[in-house]
Structures are given as C-alpha cells and as structure tokens.
Amino acid sequence: MNADQTRSSAEAFASARRVLLRAGDLHGQALRDALADRAEEWIVGRAAELGVVDGSGFAVVAVGSLGRREMVGYSDLDLILVHDDRHRDRLAEVADGLWYPIWDAGVKLDHSVRSVPEAMKVAREDVTAALGLLDARYIAGDADLASLLISSVRNLWRAEARMRLPEVIDAAKARWDRTGDIAHRAEPDLKNGRGGLRDVQLLDALALAHLTDGLGRLDPSRAESPLRTAYTDLLAVRTELHRIAGRARDQVRAQDADDIAAALRVGDRFDLARLISGSARTTSYAVDTGFRTARNAVGRRGLSRFRRSPIRRPLDEGVVEHDGEVVLAKTAMPSSDPGLVLRVASASARNLLPINGSVLDRLADFAPPIPAPWSSENLSDLLVLLASGHDVIAPVEALDATGLWERMFPEWAGVRDLPPRDAIHTWTVDRHLLETVAYAGALTTSVQRPDLLLLGALVHDIGKGRGGDHSLVGAELAGPIAARLGLWPDDRRLLVEMVRLHLLLPTVVTRRDVSDPATVAWVAEQVEGDRVLVELLGALAEADSKATGPGVWNEWKAALIGGLVERVVDHLGGRPIAVPEPLDDELRDLAEQGGVRVHAAPGDGPNMTVVTMVAPDRHGLMSTMAGVLALAGLQVHSATVRTHAGSAVDSFVVMPTFGGPPDAQILRQRLGAALSGTVDVHAELARRAAAGGPVRVGEHAVPASRVTPPPRVSWLAGAEKGRDLLELRARDDEGLLARVAAELDRSGVDVAWATVATMGATAVDTFAVVLPDDSDAARGQIAAAVLSVCGR
C-alpha cells in the first residue's frame, strides 16, 4: 500500500470514529467496544503491511484506554512498538509507518518504542509509567514478545510495589491537590479527581500486588464490589461527555450536564450530579481504605514480622486501637450490641483514627438496628461523635459508605449526594449538614443546650430534595427523628422548631431593622417566647452560614444576629434562674442516718449507674467524691449535689470507660480512704494525667479532638440570698468535675448545691456558691481559676 493509500486508510479510521460518535445510536460499553474495534482493525491491518506479524520480532501493544478497551470518543491512542533488538535497522521504518498515518489523520497519539529491557528500566524509574504499563494489551505482531513484556512488567510490579507504595501514595495526593474532590465539585474531573477513574485503576494495581486483600467487599478484584459499579458509572458519564462535547474532555461542565443526563436516562443535571457524587464517594472511601490496607500489608513484611505485635489499646467498651486503626475488641459481639457502631465511630472521631475496613464490613453484616427509642447511652455516643468538629466527617462517611449511617437515619437517603440548587453552596446537601455539625461543634459552649444544637445542625436541611418548603418538610421529618433518638417531648418540640425556623434570623437581619423594638417583639413571637430556642437559632445560623461557603458568614452578619439574639432574650426576661433539685424521701433518710455510705443503682441505660455518696458535710467533699469516681474510671454524665441534716448527699450518673458497673463497696472503701487522708485523690489524678492522660488505659494518652470549644464561666444572679450561681460550659473529659471542684475549694468557695450535666461531649455545670469575698475582683479570680483547669 502506498503512502496515499495508507493515509486514506488512517483517515477512514478517524472518519469511522466520527460517524460512531455523531450517530448517537450506541452508548456505554457498546460505543467503547465499537471505537476500540475500529482502532484495532486499523492497527492490525497497518502492522501487517509493515511486516509486524507473529515471529517478526516486533509487536504493537496498547496501554491506556485502548489497553483497557475503554475508549471514550476522543481518547488518545497509547501505543508501544515493542522489539526484540534483532532488527534495529528496521525500527525507524516500522515506527514511522505506524505513527505518521495516525498523526496525519488528526488522531492524538501517545507513542514509544521499547525493547523489553528498556520497558523494564522505564518502569523502575517512573512509577506513573509502571502503573500505565500494567494496562498493556497485545494488539498485533509477535504475540510471544508482547506476552513477555506484559508478564515482565507485572512481575516487576508485584516484586517492587511494596517498596514503591509511598511514591504511589504521594503521586496520588499530588494529583488530588491539583484536581480536587469529585464528590463535592460543581464541575468535577472524572478522570483525575479524587474519587475518579484513575483511583480505581490505582486500586486495581495494588490488588495485582496483593496489597488490598483486607479491603473486604470493596476489593477491586471482586466482581460484586460496589467499586466496580462506581467505576462503570463514572466511565459511562465520561463516554457521553466526550460524545456531547465533541472533544477530549474530563471535566463535566454545567452546559453539558443536562444532555449527558438525558443520554444516560438518569433525569436532569441534579440527578447526574448525585450519580457522580455517589460513585466518587464510594471510590474515595475505597482508596483511603485501600491505602491503609496496603500500608499494613507492607508493614507486615520483612523484618517487621519478627517485631512485637502492636499493642491493642482500649478506646471504648468493645473498641480498641490496633496498628493505627479502630478495630473491635476480641470480646466484642456486634450481633448483640446495637450501640457498638456508634462507639466505633465516636472513638474514630475522638482519637483521629480511621476505622478498619473489615470492621465496617463486619458491623454492616451483623450489627442490628439500634432499638427505638434510643437509650441515653446511644444518644450520648452520637453526641460525642457530632461534637468532634471536622473530625466527624471521616467516620460518618465511612458509616455511610457501608450502609450503617442510613440504618440510623433512613432520612439521609433523601439528601445523600443531593447537589445544591444555587451556586452559593459549596457542598452537596449531605456534606453541608456534616459541615454544619462540624462548625457547631466549636459553638457548643455558647448555648445552654449543646446537644440540641448538634442535632439541629445534623437535620436542619433534611427536608431538601423532597419538594415544597424544605424547612417545613424538614420539620415534619425532625419529629420522628427526635422520637427515635429518645428525646423528651419538650426537646422534640425544640428540635422541630429549630428545623422549621433555622432561616428565621438570617432572613430578619437582611430585611428588617434589628434594633427596632417591633422587630424584636415579632421574633420573640415567632419563637413563642422560648429563650433557649432563640439562642439555639443564633448558633445554628452561624454554623449553617460557615458551612455554606466562603464569605457567607462575616463580622457584619455576626454582629447583627448576635445583637438580635441578645435583644430577644432580654425582651423575654433574660435567662432563667437555676434552682436546686429537691431531695426525695429515700435520700433524706440516708442523710439523716449519717456516716459514710455509697449506694449504686441501675441507671436509664444498660451501662449507666446512679452512684449516691453520703458523708458528713465538710469543705472540699464534692471534689473528693468526684475524684474517687474519676480514679475508678467512671465518666460522670450528670450529678446533683445537695446537703441535708449535716450530710452531703451527692448523686452521680456514671458510666465506666471500660468493663462492668462499679462496685459500691469498693467505692465506699476508696471514699473512706480519701476522707481519712490515706489517699490523696487529686495528687493521684495529677500523677496519672502527667503519665499520659487522665484515667486512660494503655501505654499512651488518647489524643483529643482538634476541635475544642472555648470554656466559658458566667456569674448568674441566684434566687437565694447570699449565694451566687457560677455556670461552667466546657468540653468534658474524665476528671473535669473533680478538678473544677478542687479549684473552687482552693479558692475558698463553699458549694451549697450543684447540678452537673454532660450533653454528649459538653459539660454544663451550675454551682450555687458562697463567696469568701463578695467583689467583682474575687469573682474574676475564681472564674480564671476554674477556666485554668478546663481542657486538660
């Protein structure tokens, strides 16, 4: 065939490709197969004309999209001319005879000429080239030579993948930095973005080297893996993107989205965005887990096999850390422990550790639904998770990827991957909800009900995507959610109203004069005179705005909303005054009997216990009792501190960090030793804290979450003459109550009564105190002393 005929043949191939793309009667794999067939027909024919046949010492191998038979319209032809080094005098002739007709036909070409040793050298020097060669597929010429190349590069990869894993991971992260996260981009890069096609191909490469054997159901080598579905969906979108755009393009642009959606029959551009986001999130989760699995597999090789096994460090009941991941304790039984899922997620967020993939699969297979209404323990674990700031996102995404999150919140399916309807929103609706929760975590000490703030942030937009006013639709959904979570009726009402009115304050400050008394009165009427609700709406407005996008929350908006909240609260009569809880007859009898007594009774949850301690009242008694509980590894969830008949009667609702309920007799013995001076509980707590964290089990302290809402101390007017109310809001930790009470003792403060409440990860404690010096300066010094022991 002469040069003109060769050129004509190549142009016929290019023309056939254009016809296939313009006809529009083939889609998906059928179109990709047809495109690959046309390319291979031309390559095989042209190779034969050049004498590139079996036994010739030359072979044509395809890599890239043609190597995978995933040509999507305007894909480059990625070809390697392989030679056995016997006919170097013909190399230029054969190479030019292959490449020039393709260039002349206007088809993009990525080409190389390699012997097998040269290909191996390139693979050793360039990890990107090594990964590309794994897709190599024989097209024409010497089949044995092509087979040698393919087997050689794969064997090399299997042998060296472990050593090259850090390089592979760094390259992937650099690519993500350039292209961003597909799941939350308005115009995502399907090929190179985080969660895109290249990430699945990367996991395939790790699977080839047996580095993802612990990936479970997401292992790319398993045909039923959700990862395969995600890859197929992204590839289908990319196929239509090329066809509709009429050029090589990997970024889905808004102007093409509706046409792509129509071609794929998935609805409109919003439905397409959900499809892309869902696929990308599955892939992102898989690649994160795959990287951890691969690192662990690498760590178990070589000399590390002879090292001592990593310590299993307890994190929560049934939950431990092992080898840098959250795993289940050996005694954990997911099938009989519905709350285990929440404890795993909470431990992951609090300790900044990923959840092991196999653990998630086990929980997905065996963990039963949490019985409704939830116990106070389960609700507390959820709140601790939600209070973790931005560290909440990774564990919730992991639960969602395995279906565990939707079991707890079936309503989540309506907002998962739901794209925003306006450009001001950065995130999909479900991610926006989690971002709002993250920002709310830093505001928990600014409100009286941090638990409701976090729950309101989680569900405030749950009504989107269902038609109608999303605030009203969401309020209808919030009621059943609140009931399922076990909230009291008054708290259910508050949560519903938070969802219904979450746009109230931002709307008012942009449309009305917030200094006008009529505006203040109108807002007070809208919240039905509820001071707690308006305070919650102010904090939710801030978290919601910050989670919407850059610049939505600013100093001007903060001043307007903050000022409006203060005016409405003042209009409604200010903050309510706390009063002590009365003693029941049984506790009165205990106090009148005198002596040192400790009683333990079951609490509302299976792991909660009400511990009542009675002792002759004296200065510093509350801090001593709280210290005894902290040393016993008991977390105080709430407490009431009162006196009667010369005895202090302190009741604590506690839950063990690990193990079973406390033994009342042992606690009485420890309390007696502390009261007699035999044991200095505060010195022991300080020693344990200095050794690696307060009352933690294991060799190292459990790291705190990065988000720490600022502790706040307020002085409130009390109803009792001569007694002031000191209110503390701070992030809770083991020993906090003991430290605060001890600091009050050192300041010469007499605590008449106290109420302590822990709402998830936030303590809201009120102390009725008699001050040694009734002056503002003394109050300031006491507040500073209390703040100094918070957040240790």
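A quick note: this is a predicted structure, and the numbers were derived from the prediction, not measured.
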- Message: The test is salt bridge (Lys or Arg N to Asp or Glu O under 4.0 Å); show your working for E325 and R292 and say whether it passes.
- Response: CA-CA 9 Å; E325 293 183 321; R292 292 199 307 272; 3.0 Å; yes
- Starting at CG of L736, measure out to SG of C790 and round the result to the nearest 0.5 Å. 5.5 Å
- Query: Quick check: does any side chain N or O of T762 sit under 3.5 Å from a backbone N or O of T758, one acting as donor and the other as acceptor?
  - Reply: no
- Query: Between atom CZ of R449 and atom CE of M498, what is the distance when rounded to the nearest 0.5 Å?
  - Reply: 10.5 Å
- Message: Under the criterion salt bridge (Lys or Arg N to Asp or Glu O under 4.0 Å), I'd like the reasoning laid out for E743 against R739: C-alpha separation, chi angles, the key distance, then a yes or no.
- Response: CA-CA 6 Å; E743 200 60 40; R739 297 197 305 273; over 6 Å; no
- Item | Main-chain N/O of A440 paired to T444 side chain as donor or acceptor, under 3.5 Å | no
- Query: Do the side chain of R407 and the main chain of A364 share a donor and acceptor less than 3.5 angstrom apart?
  - Reply: yes
- T402 side chain vs A398 backbone, donor-acceptor pair below 3.5 Å: yes
- Criterion side chain to side chain contact (heavy atoms under 4.5 Å, CB included) on W553 and I561, from CA distance to verdict: CA-CA 11 Å; W553 185 258; I561 289 182; 3.8 Å; yes
- Correct closest heavy-atom pair for A539 and L453 would be CB-CD1, 3.8 Å
- Message: Do T445 and R731 have side chains that approach each other closer than 4.5 Å (heavy atoms only, starting at C-beta)?
- Response: no
- If we only count heavy atoms from C-beta on, is the T436 to L540 side-chain gap below 4.5 Å? yes
- Message: Are D745 and V749 packed together at the side-chain level, in the sense that at least one heavy-atom pair is separated by less than 4.5 angstrom?
- Response: no
- Task: Give, for atom OG of S335 and atom CG of L363, the distance between the pair rounded to the nearest 0.5 Å.
- Result: 11.0 Å
- Query: Can you tell me if S346 and R350 form a side-chain donor-acceptor pair at under 3.5 Å?
  - Reply: yes
- Message: Could you measure the distance from the CG atom of D323 to the CG atom of L353? Nearest 0.5 Å is fine.
- Response: 11.0 Å
- Query: Would you say the side-chain atoms of H502 and D461 include a donor-acceptor pair closer than 3.5 Å?
  - Reply: yes
- Test of ring centre spacing under 6.0 Å for F652 and H637: no
- Minimum heavy-atom distance P661-T609, with the two atoms named: CB-OG1, 3.8 Å
- Going through the distances and angles, do V344 and L342 end up as a side chain to side chain contact (heavy atoms under 4.5 Å, CB included)? CA-CA 5 Å; V344 165; L342 283 169; over 6 Å; no
- Between CG on residue D288 and CD on residue E397, distance to nearest 0.5 Å: 10.0 Å
- Run the salt-bridge test on D774 and R779 with the 4.0 Å N-O cut-off and return the result as yes or no. yes
- Task: Determine whether W715 and E727 make a side-chain contact, defined as any pair of heavy atoms from C-beta on separated by less than 4.5 Å.
- Result: no
- Quick one: do the T755 and T640 side chains pair a donor with an acceptor below 3.5 Å? no
- Item | Side-chain touch S651/L587, heavy atoms, less than 4.5 angstrom | yes
- Query: When you check the gap from the basic side-chain N to the acidic O, do E317 and R343 get nearer than 4.0 Å?
  - Reply: no
- Message: The test is side chain to side chain donor-acceptor pair (under 3.5 Å); show your working for H460 and D544 and say whether it passes.
- Response: CA-CA 9 Å; H460 73 280; D544 188 14; 3.2 Å; yes
- Task: Indicate the atoms forming the closest heavy-atom contact of S348 with V326, along with that distance.
- Result: CA-CG2, 3.8 Å
- Message: Between R723 (side chain only) and F767 (backbone N and O only), is there a donor and an acceptor less than 3.5 Å apart?
- Response: no
- Message: Which heavy atom of P395 sits nearest to which heavy atom of A345, and what is that distance?
- Response: CB-O, 3.8 Å
- Item | Under 3.5 Å: donor-acceptor pair, side chain of S647, backbone of T643 | no
- Message: side chain to side chain contact (heavy atoms under 4.5 Å, CB included), that's the test. Do L671 and L675 meet it? Break it down for me.
- Response: CA-CA 6 Å; L671 178 60; L675 294 175; 4.0 Å; yes
- Message: What I'd like to find out is whether the side chain of V611 reaches to under 4.5 Å of the side chain of H599, using heavy atoms alone.
- Response: no
- Task: Go through M759 and L452 one step at a time and tell me if the side chain to side chain contact (heavy atoms under 4.5 Å, CB included) criterion holds.
- Result: CA-CA 9 Å; M759 304 174 188; L452 293 179; over 6 Å; no
- With a 4.5 Å heavy-atom cut-off, do V320 and L328 have their side chains touching? no
- Query: Are E535 and R531 ion-paired here, with the side-chain N under 4.0 Å from a carboxylate O?
  - Reply: no
- Are the side chain of D530 and the backbone of L533 linked by a donor-acceptor contact shorter than 3.5 Å? yes
- Message: Looking at E435, is its backbone amide N or carbonyl O close enough to the side chain of H390 to form a donor-acceptor pair, meaning the two atoms are under 3.5 Å apart?
- Response: no
- Query: Quick check: does any side chain N or O of E321 sit under 3.5 Å from a backbone N or O of V327, one acting as donor and the other as acceptor?
  - Reply: no
- Note on the structure: Correct closest heavy-atom pair for V392 and L386 would be CG2-CA, 4.0 Å
- Taking 4.0 angstrom as the limit, do R493 and E497 come out as a salt bridge? no
- Item | For the student: nearest non-hydrogen atoms of K546 and Y439, plus distance | O-CE1, 3.5 Å
- Less than 4.5 Å apart, any side-chain heavy atom of L485 and any of F409? yes
- Message: Looking at S775 and A778, would you say the former's side chain and the latter's main chain have a donor-acceptor pair under 3.5 Å?
- Response: yes
- Message: Measuring from atom CG of L455 to atom CG of L382, what distance do you get when rounded to the nearest 0.5 angstrom?
- Response: 6.0 Å
